[in-house]
K.L.:
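A single structure is presented below for examination.
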2 protein chains.
Amino acid sequence: MPRTADHDARRAQIAAAVVRLVAGDGLDAATVARVAAEAGVSVGLVQHYFPAKDDMLLFAYERVMTDAGSRVAQRIAEGEARQGTINGVVLDSLMELLPVDEARRAEYRVARAFHGRALDNAALTEVARRWAEDIRRRLSVAVQNGTECGEVDPETDAELAAVRMVALVGGLAEQVYRDADRPVGARTMAAAAERILRDCLDDVFAGECRHYM
Amino acid sequence: MPRTADHDARRAQIAAAVVRLVAGDGLDAATVARVAAEAGVSVGLVQHYFPAKDDMLLFAYERVMTDAGSRVAQRIAEGEARQGTINGVVLDSLMELLPVDEARRAEYRVARAFHGRALDNAALTEVARRWAEDIRRRLSVAVQNGTECGEVDPETDAELAAVRMVALVGGLAEQVYRDADRPVGARTMAAAAERILRDCLDDVFAGECRHYM
DNA sequence: ACGATAGCCGTATGGACATATGGTTTTCGC
DNA sequence: GCGAAAACCATATGTCCATACGGCTATCGT
């Protein structure tokens with residue numbers, strides 16, 4: 001057998017370089033040559049691991065969205081561990097998606113940049129679609145659990161509520177990102193977003209039952 | 001004086017070509033050469049009216065957003081004319097922004113494509129910011145009017161409600177666009193979005209007073 | 001009617017890019 | 001230790017692009 005290398009690690013290394021470049025200077029900055037330089041490897045190596053540039057971008061996008069999903073899953077696990085209300089767990093999960101610090105703002109920039117390109121790239125669109133579907137499903141299950149334990153009004157349509165929550169958090173993220181420094185009354189935009197999100201969740205999870213997901 | 005031409009008409013003609021190309025094949029398709037061909041003019045003429053490509057894109061983006069704003073304003077004017085409730089007028093205005101038919105889907109594609117590039121272009125960001133600010137202001141005024149005439153609970157924070165409505169309609173637009181064919185329970189995504197929007201507005205405009213904006 | 005000037009065009013130019021290609025180095029089974 | 005194959009690199013290639021540039025052409029004041 002010949003020389004070996006950690007395929008996954010190399011791909012991750014290159015994807016991380018892509019993400020840094022996109023976060024810093026947009027998708028157009030992620031040229032193959034610059035990605036190679038940022039990752040500290042040669043152009044040829046990037047080609048070795050990603051035959052076409054689109055493969056590289058798709059992989060990087062998948063990685064970013066997977067990471068974001070993992071953070072949400074982690075928040076859910078934490079909520080379960082401390083036996084919080086479903087309302088609280090969902091709030092923590094969704095707050096995780098608001099670009100309130102520089103790390104999350106960077107992630108938001110990357111996600112949005114790819115999302116823009118997804119408009120004319122079916123593979124990227126599919127990643128975005130799956131991600132949205134995944135989070136909607138999680139939220140829908142949370143609402144159904146709430147229905148069963150009394151935290152949610154039994155009349156509530158779980159899927160509809162999930163669409164509503166995803167829409168709200170996505171729209172709030174956009175405003176928090178763009179207008180972070182614009183006050184909303186006496187609040188910062190981030191504080192306003194949190195308040196709006198809390199109100200929405202208090203509306204869905206109006207019951208009293210204490211339960212974990 | 002030498003030969004004259006309708007400056008504004010020419011710029012509009014070129015901008016329309018940009019919009020068609022972006023709607024069809026994304027921002028990268030809007031090269032100067034292709035825009036010229038699509039508009040039926042020479043490359044040199046495009047340069048004559050837009051010294052740099054960025055000027056051209058900025059102008060096209062401004063035009064798209066202005067058009068969208070005008071449609072909203074028109075819906076408001078129609079609502080005033082028929083003396084509808086504020087709730088109804090706001091609903092019509094916001095429904096106008098959902099990508100429910102091919103024309104609006106095309107507009108949504110264009111807006112989103114530019115929005116993505118705005119992440120690393122200050123001039124484009126400023127357009128997006130002003131547009132959001134404008135619609136938030138309109139909504140905030142509508143809520144305040146509602147407060148004065150009894151259609152809105154006096155405790156309601158108008159600016160917060162405006163942020164909430166903008167967030168909701170933006171997030172719903174994204175899901176309607178991407179998941180138009182995905183059913184939400186027994187509804188289409190578009191029907192689900194309308195229902196969610198109605199519920200939100202019925203929550204804000206809970207009072208009974210019949211009034212026009 | 002005529003020249004000045006804006007309108008308009010075609011092509012040239014130089015740079016950046018994705019990808020192709022040929023070669024060098026390392027490692028592992030034998 | 002040695003050969004084979006993967007890992008890795010440097011550079012070549014051809015395309016596409018934004019912009020520069022020089023030259024026609026139509027029109028308006030005179």
Side-chain angles (χ1 to χ4, degrees), chain A residues 1-22 24-61 113-114 116-118 120-124, chain B residues 1-22 24-61 113-114 116-118 120-124:
Chain A
M1 244 214 312
R3 191 177 178 181
T4 62
D6 188 335
H7 218 74
D8 292 341
R10 275 279 191 247
R11 286 167 72 93
Q13 174 188 359
I14 294 168
V18 171
V19 170
R20 281 196 300 275
L21 286 172
V22 174
D25 296 306
L27 251 175
D28 289 342
T31 71
V32 175
R34 264 187 276 204
V35 167
E38 175 74 23
V41 300
S42 69
V43 172
L45 195 70
V46 173
Q47 291 179 286
H48 185 69
Y49 286 100
F50 299 102
K53 188 190 178 184
D54 276 357
D55 302 335
M56 178 182 81
L57 295 180
L58 178 61
F59 183 82
Y61 186 36
F114 277 109
R117 178 144 308 188
D120 44 277
N121 182 319
L124 294 181
Chain B
M1 244 210 320
R3 193 175 176 182
T4 63
D6 189 334
H7 218 74
D8 292 341
R10 275 279 190 248
R11 285 167 73 91
Q13 174 188 359
I14 294 168
V18 171
V19 170
R20 281 196 301 276
L21 287 172
V22 174
D25 296 305
L27 251 175
D28 289 342
T31 70
V32 175
R34 265 188 274 203
V35 167
E38 175 73 24
V41 299
S42 69
V43 171
L45 195 70
V46 173
Q47 291 179 287
H48 185 69
Y49 285 100
F50 298 103
K53 188 190 179 185
D54 276 357
D55 302 336
M56 179 182 81
L57 295 180
L58 178 61
F59 184 81
Y61 186 36
F114 277 109
R117 178 142 311 186
D120 44 277
N121 181 319
L124 294 181

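Here is how names work: the chains are called A, B, and so on, in the same order as the sequence lines, proteins then strands, and each is numbered from 1.
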K.L.:
Which atom names give the shortest non-hydrogen contact between A/G116 and A/D120, and what distance separates them?
P.N.:
O-OD1, 4.5 Å
K.L.:
A/H48 side chain N/O closer than 4.0 Å to the phosphate oxygens (OP1, OP2) of D/dC8?
P.N.:
no
K.L.:
So do A/R34 and A/D25 actually touch side chain to side chain, heavy atoms under 4.5 Å?
P.N.:
no
K.L.:
Within this structure, what is the CG-to-C1' distance between B/D6 and D/dT27, rounded to whole angstrom?
P.N.:
16 Å
K.L.:
State, to 0.1 Å, how close B/L21 and B/A30 come at their nearest heavy-atom pair, and which atoms those are.
P.N.:
CD1-CA, 4.4 Å
K.L.:
In Å and rounded to the nearest 0.5 Å, what is the CE to NZ distance from A/M56 to A/K53?
P.N.:
6.0 Å
K.L.:
Provide the closest heavy-atom pair for B/A33 versus B/V43 in the form atom of the first, atom of the second, distance.
P.N.:
CA-CG2, 4.0 Å
K.L.:
Report yes if a side-chain nitrogen or oxygen of A/Y49 is closer than 4.0 Å to either non-bridging phosphate oxygen (OP1 or OP2) of D/dA7; otherwise report no.
P.N.:
no
K.L.:
What I'd like to find out is whether the side chain of A/F50 reaches to under 4.5 Å of the side chain of A/R11, using heavy atoms alone.
P.N.:
yes
K.L.:
What's the shortest heavy-atom distance between B/A17 and B/V35, and which atoms?
P.N.:
CB-O, 3.8 Å
K.L.:
Chain B on DNA chain C: first and last contacting nucleotide, 5' to 3', under 4.0 Å to a heavy atom?
P.N.:
C/dT5 to C/dG10
K.L.:
Could you list the residues that satisfy side chain to side chain contact (heavy atoms under 4.5 Å, CB included) with A/L27, not counting sequence neighbours?
P.N.:
A/V22, A/L57, A/A113, A/F114, A/R117
K.L.:
Any chance you could list the contact pattern along nucleotides 11-24 of chain D? Use B for base contacts, S for sugar-phosphate-only contacts and - for none, protein heavy atoms under 4.0 Å, 5' to 3'.
P.N.:
------SSBBB---
